[in-house]
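First comes the structure, then the notes that go with it.
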Amino acid sequence: MRNKWLLSGLLMLGFHEVCAQALQVSDKRATSKTIALFRKLDKLKKQGYLVGHQDALAYGVKWKYQPGRSDIKDITGDNPALYGWELGHIELDSAVNLDTVPFIKMKKFIREGYRRGGVITISWHGDNPLTGKSAWDPAPGTVRAILPGGSRHDVFVKQLDKVAAFLGDLKGNKGEAIPILFRPFHELTGGWFWWGTNSSTPQEFKELFRFTINYLRDKKHLHNLIIVYNTGGGFKDEQEYFQRYPGDDVVDVVSFDTYQLGKEGLQRPFIDMLKNNLTIIERVGQKRKKIPAIGEIGFNNVPYEAWFTKVLATSIQGHKIAYVLLWRNAGFKADDKSVEYYVPFKGDRSEKDFLKFYYLPQTLFEKDAAALRLYN
Ligand code: BMA
């Protein structure tokens, strides 16, 4: 009898082990560091989530390109655990991205963050390959035109070659490929980008996504990519979330973008929506064996001074996600009349609350990420 219990106990343990090991990065040929990062991201969500910031090392409110600086570091003494970078305009052979960050500097910042133990995520607001206008040109027929057989397919493939060259040139000290959370065609359930709902059918979108990832893997031999499926926010259920899902073999992270809007904003509806969307992606993650995360989030100018603890941390409380990425501190616009920032800078009204947010046990910044040894 005792042995029987022991046996069933062992079997159960075995079952749990199998379950625990079942989460695998979708690229069968992923590098060992990429596999390690993917597993660690899955594991760390039990204890907390990485906090990220777009363009953190390049500029902040009222400063640009000051070595070693970031707005988060000015406040906390620590850097974000996750660095977001943006490739828009690389497809044009431009030396700077659409937000004027030179690609050469970007590569340096990426290596710097990685060497310190941070994580890198990359998005691509590429210009419309059909019309030549910006990413925000949802011209009908764009996606059909760039799929294999389409009139602009060759143009798109050349653009992908440039993206691949950048991604393939990101190397650590020992020449190893730096693992990247690659987030193409983000906010894919919205209608504002050329890859969105106004310019493609779900089927066309899925084909585009699959073509892109398989091209980068098979033709460009990139095996350092963890692929992020990234919808808009405010979806009602799993079915809506899945409308444009391209398949488990080309997705590793299930995420969404969402922003609180309004001057001061009503916190409650935003919190409810966020919690609901987190519940949905957690469920999806469990079913599909993918990692849930928030691809982009923020409240421009942070008009509610306790937003980080009372809205962001409160909403995530009780949910298990691997990371959140706060959007960029673009700072003052050329006319000096408006300012864009999602993380407080020194002296800002939400500075104190951000420091509280930093000290919460579940928020992981770069020192935590380094201690977690995410690439081993
Ligand atoms: C948007 C804004 C723009 C920027 C774009 C791509 O949300 O921050 O100013 O050009 O992202 O980074």
Side-chain angles (χ1 to χ4, degrees), residues 52-65 70-72 80 82-92 94-107 109-110 113 120-129 131-138 159 162-163 166-167 180-196 198 228 230-234 255-262 265 270 293-303 307 312 323-345 348:
H53 192 202
Q54 181 75 3
D55 284 349
L57 302 175
Y59 56 81
V61 178
K62 291 194 188 151
W63 65 271
K64 260 188 175 186
Y65 308 120
S70 75
D71 276 344
I72 287 188
L82 173 74
Y83 296 99
W85 298 103
E86 164 57 40
L87 294 186
H89 288 186
I90 202 162
E91 73 284 355
L92 309 177
S94 167
V96 300
N97 82 351
L98 80 165
D99 300 320
T100 71
V101 180
F103 288 110
I104 290 182
K105 282 194 197 291
M106 198 186 292
K107 279 185 187 171
F109 291 135
I110 288 174
I120 314 299
T121 180
I122 290 185
S123 52
W124 179 28
H125 289 76
D127 276 4
N128 183 316
T131 65
K133 293 184 186 165
S134 80
W136 290 264
D137 177 32
Q159 295 189 348
K162 289 169 195 166
V163 168
F166 185 93
L167 296 174
I180 303 293
L181 297 162
F182 185 48
R183 189 168 71 95
F185 313 123
H186 66 298
E187 300 174 9
L188 57 96
T189 47
W192 44 91
F193 292 127
W194 61 253
W195 53 86
N198 280 324
V228 183
N230 188 188
T231 70
S255 70
F256 61 89
D257 289 0
T258 190
Y259 287 88
Q260 186 163 348
L261 301 172
F270 185 75
I294 299 180
E296 279 178 37
I297 198 162
F299 193 1
N300 195 8
N301 289 217
V302 207
W307 191 80
L312 187 57
Y323 63 83
V324 302
L325 178 74
L326 294 156
W327 200 241
R328 68 193 196 107
N329 279 13
F332 286 90
K333 296 286 154 72
D335 61 6
D336 245 24
K337 287 204 180 101
S338 64
V339 58
E340 181 187 7
Y341 64 94
Y342 298 87
V343 160
F345 51 92
D348 185 54

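One-based numbering, in listed order, for ligands and for the atoms of each. Just so you know, these numbers come straight off a predicted model, no measurement behind them. The basis for the numbers below is simple: all heavy atoms, side chains too, and nothing from hydrogens, waters or symmetry mates.
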In this structure, atom 9 (O) of ligand 1 is nearest to the protein heavy atom R328 NH2, 2.7 Å

- prompt: Where is the nearest protein heavy atom to atom 5 (C) of ligand 1: which residue, which atom, and how far?
  reply: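 Residue, atom and distance for the closest contact: W136 CH2, 3.8 Å.
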
Record the part of E340 in heavy-atom contact with ligand 1 below 4.0 Å; permitted values are side chain, backbone, both and neither.
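For E340, the contact with ligand 1 is made by the side chain alone.
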
Please verify the inter-ring angle class for [X] with [Y]; under 30° counts as parallel, over 60° as perpendicular, anything in between as tilted.
X    : Y    : answer
F185 : W194 : perpendicular
F345 : Y341 : perpendicular
H125 : H186 : perpendicular

Distance col, row D257:CG vs N230:CG, nearest 0.5 angstrom, shows 4.0 Å

Among D55, V101, D99, the residue with a heavy atom nearest to atom 6 (C) of ligand 1 is D99

Nearest non-hydrogen contact to atom 11 (O) of ligand 1 from the set W327, Y341, W85 belongs to W327

### Task
Please could you name the atoms of ligand 1 that H125 approaches to less than 4.0 Å, counting only its heavy atoms?
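Checking each atom against H125, I get 6 (C).
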
Residues L167 and I122: closest non-hydrogen pair is CD2-CD1, 3.9 Å

